[in-house]
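Scroll down for the structure; my scribbles are underneath it.
Numbering of ligands and ligand atoms starts at 1, following listing order. Position 1 is the first residue of the sequence, and the numbers go up from there.
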Amino acid sequence: AQVPSPAQGVGPVYRPDGEKPTATVSKEVSYDNVHVLPQTPQLIALLTMIRDGRTARADFIFYSNRIIRLLVEEGLNHLPVVEQSIQTPVGRDYLGVKFEGKICGVSIMRAGEAMEQGLRDCCRSVRIGKILIQRDEETCMPKLFYDKLPEDIADRWVLLLDPMFATGGSATLAVEVLKERGVPEHRILFLNLIASPSGVAEFAERFPKLRVVTAFIDQGLDEKKYIVPGLGDFGDRYYTL
Ligand code: PRP
Ligand code: URA
């Protein structure tokens, strides 16, 4: 069978890197604490589904959940492990690893709650705290309404969850809350679907020990501080539209 060439626009490498539409290429940022998921054709196809304004809510939820699962799996790669010696059923010794330390999730409500199930699917009975932060629709400034966090959060690794990272104001406020509760910056991992280049750069500089795992860094922000090309209002599309 003939393998289609990239010039035909199909296949796993559908176009050479330099010829891809700009908006499908994640912006690069040069911070050691920012990790962008591998830009596979699968990921770009999933992102295309959720960016499409015609995608119905059920599909938006399904495809967002798939990306969230990829983010959680990658986030877990950043947790520390220690050596663990075991024996296999055929009597062989095997020197492997196990996770070290306790974890918890913290979702920034409302949109961040959409990421909780993906975390639960990977970490059975994981504890989850909540921080309710809403962006003011006029000023775009974040406002903190409420938080409820595990009592021993200062002893845990925290997976902070919010799909959208626009100005970075909401995530910054959430990190301040966690730091006030005694969580050291290096034990916070922020999992995010789409980031703006300015938001992620400011955040990475402000919190150099905190790690960000994101699926994609977009082109920028519009006049209403929405991410572009973005996907619109994540919370509305996941919960109410
Ligand atoms: C959205 C999003 C982030 C925030 C991102 O939430 O989920 O929390 O905006 O914007 P920022 O980086 O400029 O702060 P929003 O406040 O709209 O509430 P929602 O989760 O209820 O949709
Ligand atoms: N919140 C969203 O849901 N989307 C954006 O683009 C910005 C903030």
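- Protein heavy atom nearest atom 5 (C) of ligand 2, with residue, atom name and distance: Tyr226 CD2, 3.5 Å.
- By the 30° and 60° cut-offs, the orientation of the rings of Phe234 relative to Tyr238 is parallel.
- Here the shortest heavy-atom pairing between Met49 and Thr55 reads O-OG1, 2.6 Å.
- Relative to the six-membered ring of Phe145, Arg110 misses at least one condition, a distance below 6.0 Å or an angle of at most 45° to the axis.
- Looking at atom 11 (P) of ligand 1, its nearest protein heavy atom turns out to be Thr167 OG1, 3.4 Å.
- Under the 3.5 Å distance criterion, with hydrogens and angles disregarded, a donor-acceptor pair is assigned to the side chains of Asp121 and Gln117.
- Distances from atom 4 (C) of ligand 1 to the protein include at least one heavy-atom value under 4.0 Å.
- Arg237 has no carboxylate O lying under 4.0 Å from a charged side-chain N of Asp59, or vice versa, which leaves the two without a salt bridge.
- Annotation: atom 1 (N) of ligand 2 to nearest protein heavy atom, Met164 CB, 4.1 Å.
- When non-hydrogen atoms are compared, ligand 1 lies under 4.0 Å from neither the backbone nor the side chain of Pro142.
- Looking at atom 3 (O) of ligand 2, its nearest protein heavy atom turns out to be Phe234 N, 2.9 Å.
- Pairing each heavy atom of Leu70 with each of Leu37, the nearest pair is CB-CD1, 3.9 Å.
- Note: no N/O pair closer than 3.5 Å links Lys225 and ligand 1 by distance alone.
- Classified by interplanar angle (parallel below 30°, tilted 30° to 60°, perpendicular above 60°), the ring pair His78/His35 is tilted.
- Ligand 1 places these atoms under 4.0 Å from at least one heavy atom of Gly168: 11 (P), 12 (O), 13 (O).
- Taking a cutoff of 4.0 Å between a charged side-chain nitrogen and a carboxylate oxygen, Glu176 and Arg206 qualify as a salt bridge.
- Considering only non-hydrogen protein atoms, atom 22 (O) of ligand 1 sits nearest to Arg110 NH2, 3.1 Å.
- In this comparison of Met164, Glu137, Arg135, the heavy atom closest to atom 16 (O) of ligand 1 sits on Arg135.
- Close placement of the Phe165 and Phe190 rings is indicated, their centers lying within 6.0 Å of each other.
- Classification of Glu116 and Lys130 as a salt-bridged pair holds, one side-chain N sitting under 4.0 Å from a carboxylate O.
- Between Asp233 and Lys224 there is no salt bridge, since no side-chain N of the basic residue sits under 4.0 Å from a carboxylate O of the acidic one.
- Of all the atoms in ligand 2, the ones that sit under 4.0 Å from a non-hydrogen atom of Ile227 are 5 (C), 6 (O).
- Shortest contact from atom 4 (N) of ligand 2 to any protein heavy atom: Gly232 O, 2.8 Å.
- Atoms of ligand 2 lying under 4.0 Å from at least one heavy atom of Ala166, given by number and element, are 7 (C).
- The protein heavy atom nearest to atom 2 (C) of ligand 1 is Asp162 OD1, 3.6 Å.
- Using a 4.0 Å heavy-atom cutoff, Gln134 is listed among the residues neighbouring ligand 1.
- Shown in contact with Ala111 at under 4.0 Å from a heavy atom are these atoms of ligand 1, numbered in order with element: 7 (O), 20 (O).
- Within the listing of ligand 1, atoms 4 (C), 8 (O), 11 (P), 14 (O) sit less than 4.0 angstrom from a heavy atom of Ser170.
- When non-hydrogen atoms are compared, ligand 1 lies under 4.0 Å from the side chain of Asp233 (C-beta onward) but not from its backbone.
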